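To start, the structure under review is shown below, and the notes come after it.
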Number of protein chains: 2
Amino acid sequence: MPESDTLLNIDNIAANCIGLRVRMLNRLVTNLYDEGLRPFGLKVSQVNILVATWKLGTARPAEMCKVLQMDVSTLSRNVDRMKARGWLETMPDPDGRAQPFKLTAQGRDVLEKILPVWREIQDKAITLLGAETLDWLNRSVRQLSSQAK
Amino acid sequence: MPESDTLLNIDNIAANCIGLRVRMLNRLVTNLYDEGLRPFGLKVSQVNILVATWKLGTARPAEMCKVLQMDVSTLSRNVDRMKARGWLETMPDPDGRAQPFKLTAQGRDVLEKILPVWREIQDKAITLLGAETLDWLNRSVRQLSSQAK
DNA sequence: ATCATATGCTTGCATATACAAATTCAGCGA
DNA sequence: TCGCTGAATTTGTATATGCAAGCATATGAT
């Protein structure tokens, strides 16, 4: 491959790499949420887990990881921290390997407390990104999730 | 606020949170690129830095962090690792505080070697996400970058 | 009943991420 | 020139992320 072709191709990465852009978007959006949530002592990552737990009722780690497309080890350590804060509690289970957990009353309280701030941040994100963002993100995530292992 | 309203609002986070969806998209897309790049012993994060360095020629950390919307401390440690691998080298600078760096020949070689694989992964991502993805991502990132501090 | 395999989760390790504090140096004013 | 302020970067700390390996338990085959 001639030198000039290589140059063009490297420039192609710079101009078009989806991995780069998704990661930048992630940093920007995560910072937006984390900044707003800072007074409450938690980050968007933990809010996501609280909400997912609320949805599932009694949550099995492997199941939640499938929903959130997250490695089980990542979830495992976050659940530890959130149990230590009294937001989650482990439930008994006939299967000795399972470690299902659910929201505590405190965990539920946290969710209620952050609701107005979440709304503010969400509105800001929609204003910045455009109204069609949500549809767009949902389609992309659904499509990629269905392909992922 | 009545109980039922709270329930609806928590469900609203579950159904609509942009922070959640962007983070899921980031995990899915990052894993897609990292999996493809694994044979080459680097990840998409380092590819992004290599390409940005190639673009900038001589890169100042603060400048690159503005471009990539990344904290300077995050870049600092990655540049350390990449210098240790011989892909980047620090340049002298009249300003004693500055630590500008540039690509080494080895760093340039790495970029050339991964080009075909990057192309494959990028094609797969475009197929999965749709052709209009890139425009949308570019618009979103540009819009958010211009607002960020 | 036993053994092999599969499942569910945790732990070890390396990197990614960002805030806060420390460090080093530049530039400016008295 | 002395010291003050600000800028560029690194270091300390905590969380996020995923792979590989470990551990305990369940399940299936013989």
Side-chain angles (χ1 to χ4, degrees), chain A residues 19-20 22-39 41-49 58-66 68-85 90-101 148-149, chain B residues 19-20 22-39 41-49 58-66 68-85 90-101 148-149:
Chain A
L20 168 63
V22 166
R23 292 171 62 79
M24 284 181 66
L25 186 65
N26 177 58
R27 287 192 287 266
L28 287 161
V29 170
T30 295
N31 290 345
L32 194 67
Y33 281 79
D34 285 353
E35 184 185 357
L37 291 166
R38 197 164 304 144
L42 81 175
K43 304 211 236 176
V44 64
S45 49
Q46 298 198 337
V47 172
N48 294 157
I49 292 173
T58 296
R60 292 181 302 112
E63 179 189 15
M64 181 171 292
C65 285
K66 198 151 194 170
L68 299 182
Q69 287 293 315
M70 167 184 299
D71 194 86
V72 285
S73 64
T74 302
L75 180 63
S76 175
R77 290 175 242 248
N78 217 337
V79 169
D80 282 347
R81 285 187 282 270
M82 295 171 77
K83 283 198 289 195
R85 293 195 184 195
T90 298
M91 306 299 292
D93 194 288
D95 187 332
R97 299 165 300 182
Q99 292 286 300
F101 56 90
K149 55 175 163 30
Chain B
L20 168 62
V22 166
R23 292 171 62 80
M24 284 181 65
L25 187 66
N26 177 59
R27 287 192 288 265
L28 287 160
V29 170
T30 295
N31 290 346
L32 194 67
Y33 281 80
D34 285 352
E35 184 186 357
L37 291 167
R38 196 164 306 141
L42 81 174
K43 304 211 236 176
V44 63
S45 49
Q46 298 199 336
V47 173
N48 294 156
I49 292 173
T58 296
R60 292 181 302 113
E63 179 188 15
M64 181 172 291
C65 285
K66 198 152 195 171
L68 299 181
Q69 288 293 315
M70 168 185 300
D71 193 87
V72 285
S73 63
T74 302
L75 180 65
S76 175
R77 289 175 242 249
N78 216 338
V79 168
D80 282 347
R81 285 186 283 269
M82 295 171 78
K83 282 198 290 195
R85 294 195 184 195
T90 297
M91 305 300 291
D93 194 288
D95 185 331
R97 299 165 299 180
Q99 293 287 298
F101 55 89
K149 52 173 161 17

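If you're wondering where the values come from, they're calculated on a predicted model, not measured in any experiment.
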>> Ignoring hydrogens and geometry beyond distance, is a side-chain donor-acceptor pair present between A:D34 and A:T30 at under 3.5 Å?
In response: no

> For the pair made of CG in B:L68 and C1' in C:dA18, what is the distance, rounded to whole Å?
Replying inline: 15 Å

>> Nearest 0.5 angstrom please: B:K43 NZ to A:R23 CZ, how far?
In response: 8.5 Å

> Where are the stems of DNA chain C, defined as at least 3 consecutive Watson-Crick or wobble G-U pairs with both distances under 3.5 Å?
Replying inline: C:1-30 with D:1-30

>> Restricting to non-hydrogen atoms, name the atom on B:L28 and the atom on A:A148 that form the minimum distance, rounded to 0.1 Å.
In response: CD2-CB, 3.8 Å

> Rounding to a whole Å, what distance do you find between B:R77:CZ and C:dA20:C1'?
Replying inline: 11 Å

> Can you check the B:K43 NZ to C:dT17 C1' distance for me, whole Å?
Replying inline: 12 Å

> Nearest-Å distance, CG (A:N78) to C1' (C:dT10)?
Replying inline: 15 Å

> When we call it a touch if two heavy atoms are under 4.0 Å apart, what does B:S45 touch: a base, just sugar-phosphate, or nothing?
Replying inline: sugar-phosphate

> Distance from B:I49 atom CD1 to B:M70 atom CE, nearest 0.5 Å?
Replying inline: 5.0 Å

> With a 4.0 Å cut-off on heavy atoms, is B:N31 in touch with a base, just the backbone sugar-phosphate, or nothing at all?
Replying inline: sugar-phosphate

>> To the nearest 0.5 Å, what is the distance between CE on A:M82 and CZ on A:F101?
In response: 8.0 Å

>> How many whole angstroms separate atom CG of B:L75 from atom P of C:dA18?
In response: 11 Å

> Choosing from C:dG8, C:dC19, C:dT10, which nucleotide comes nearest the side chain of A:R97?
Replying inline: C:dG8

> Between C:dA26, C:dT15, C:dG8, which nucleotide has the shortest distance from any of its atoms to the side chain of B:R85?
Replying inline: C:dT15

> Rounded to the nearest Å, what distance is computed from the CZ atom of residue B:R60 to the C1' atom of nucleotide C:dA26?
Replying inline: 14 Å

> Is a donor-acceptor contact shorter than 3.5 angstrom present between the side chain of A:R27 and the base of C:dT17?
Replying inline: no

> In terms of the nearest nucleotide of DNA chain D, which residue is placed more toward the 5' end: B:A59 or B:N26?
Replying inline: B:A59

For residues 73-80 of chain A, dump all side-chain donor-acceptor pairs below 3.5 Å to protein atoms at least two apart in sequence or in another chain.
unit_1	atom_1	unit_2	atom_2	d
A:S73	OG	A:D71	OD2	2.6
A:N78	OD1	A:Q46	NE2	3.0

> Any idea which heavy atoms bring A:T58 and A:P100 closest together, and the distance?
Replying inline: CG2-CB, 3.7 Å

> How many Å lie between CG on B:D80 and P on C:dA16, as a whole number?
Replying inline: 12 Å

> Do B:S73 and C:dA18 have a side chain to base donor-acceptor pair shorter than 3.5 Å?
Replying inline: yes

> For the residue pair B:R27 and A:L68, what are the closest heavy atoms and their distance?
Replying inline: NH2-O, 2.8 Å

> What are the two closest heavy atoms between B:V47 and B:L42, and how far apart are they?
Replying inline: CG2-CD1, 3.9 Å

>> Nearest whole Å is fine: how far is C:dT17 P from B:M64 CE?
In response: 14 Å

> Can you name the nearest heavy-atom pair linking A:Q99 to A:P61, along with the distance?
Replying inline: O-CD, 3.6 Å

>> With a strict under 4.0 Å distance from non-hydrogen atoms of chain B, what nucleotide opens and what nucleotide closes the contacted stretch of DNA chain D, reading 5' to 3'?
In response: D:dG6 to D:dC19

> OP1 or OP2 of C:dT10 sitting under 4.0 Å from any side-chain N/O of A:S76?
Replying inline: yes

